[in-house]
Visitor: 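Okay, here's the structure, questions in a sec.
These values consider heavy atoms only, across backbone and side chains, with no hydrogens, waters or symmetry-generated copies.
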Amino acid sequence: MSYIQVEGFDEVFIELDDMDISDFKKRKALNAAADDAIEVASDASYRRTGKLSRSWNKRSKRVDGNIGVQVYSKSFHDIYNELGSSKNKKHIGFFSRAIDRNTDKFMETIERGVLDGK
């Protein structure tokens, strides 16, 4: 299984650790942001058959001892669309670009979830 790691969330983890917030609230806020990321990835996915756009999922994961959520695709050909292949270079970077464009949206979702508890 291949992974694409989005960087820049280290500051979020540090801020969440500095605040006195329960792990339940942190996990709930990160799951809400992961739901947004799944929606964004699904919308950005190449749709020949629609299998890739339906294959996005999430799982809770510890990242350097911190609570985290991993967004991944259960499809075997997702990496070929993200990184390209010798024959397919049309959709290179679709996932990274979609996530980068919506980082502010994810941060707002986490902020709302942590501060408001919704």
Side-chain angles (χ1 to χ4, degrees):
M1 184 180 291
S2 56
Y3 295 101
I4 297 172
Q5 188 169 9
V6 180
E7 297 187 12
F9 287 96
D10 297 332
E11 296 83 19
V12 174
F13 290 139
I14 291 169
E15 292 297 324
L16 287 175
D17 285 339
D18 289 345
M19 300 170 81
D20 189 25
I21 300 171
S22 69
D23 284 349
F24 175 76
K25 256 185 156 177
K26 291 178 190 179
R27 194 172 288 117
K28 189 174 177 182
L30 290 172
N31 274 322
D35 289 336
D36 290 346
I38 289 171
E39 183 180 325
V40 164
S42 178
D43 291 343
S45 296
Y46 173 61
R47 280 190 176 72
R48 189 183 69 187
T49 62
K51 186 175 181 181
L52 179 60
S53 64
R54 291 188 307 269
S55 71
W56 294 100
N57 208 348
K58 67 180 178 182
R59 80 173 67 129
S60 295
K61 189 174 183 177
R62 290 270 176 185
V63 179
D64 297 329
N66 294 310
I67 295 170
V69 177
Q70 177 185 17
V71 174
Y72 65 98
S73 172
K74 295 185 283 183
S75 173
F76 75 94
H77 63 282
D78 63 336
I79 199 70
Y80 297 114
N81 281 315
E82 175 64 19
L83 300 177
S85 67
S86 62
K87 296 182 180 181
N88 179 13
K89 300 206 183 304
K90 292 180 185 177
H91 309 287
I92 293 176
F94 78 95
F95 180 74
S96 337
R97 284 192 308 271
I99 296 298
D100 286 343
R101 279 193 301 259
N102 290 285
T103 303
D104 292 336
K105 176 182 176 183
F106 305 144
M107 294 300 173
E108 288 172 8
T109 303
I110 292 170
E111 181 182 339
R112 262 194 324 269
V114 169
L115 297 179
D116 298 340
K118 296 178 183 177

Visitor: To the nearest 0.5 Å, tell me how far L30 CG sits from Q70 CD.
Guide: 13.0 Å
Visitor: Could you list the residues that satisfy salt bridge (Lys or Arg N to Asp or Glu O under 4.0 Å) with K105, not counting sequence neighbours?
Guide: none
Visitor: Quick one: closest heavy-atom pair of A37 and V71, and the distance?
Guide: CB-CG2, 3.9 Å
Visitor: Can you name the closest pair of heavy atoms from T109 and A33 and give their distance?
Guide: CG2-N, 3.7 Å
Visitor: Starting at CG of D43, measure out to CD1 of I38 and round the result to the nearest 0.5 Å.
Guide: 12.0 Å
Visitor: Side chains of K61 and V69: closer than 4.5 Å at any heavy-atom pair?
Guide: no
Visitor: Check S73 against S55 and note the closest heavy-atom contact, atom names and distance.
Guide: OG-OG, 2.7 Å
Visitor: Is there a donor-acceptor pair under 3.5 Å between the side chain of S42 and the backbone N or O of S53?
Guide: yes
Visitor: Hey, does D36 have a side-chain heavy atom less than 4.5 Å from the side chain of N102?
Guide: no
Visitor: Kindly give the heavy-atom pair with the smallest separation between K58 and N31, and that separation in Å.
Guide: NZ-O, 3.5 Å
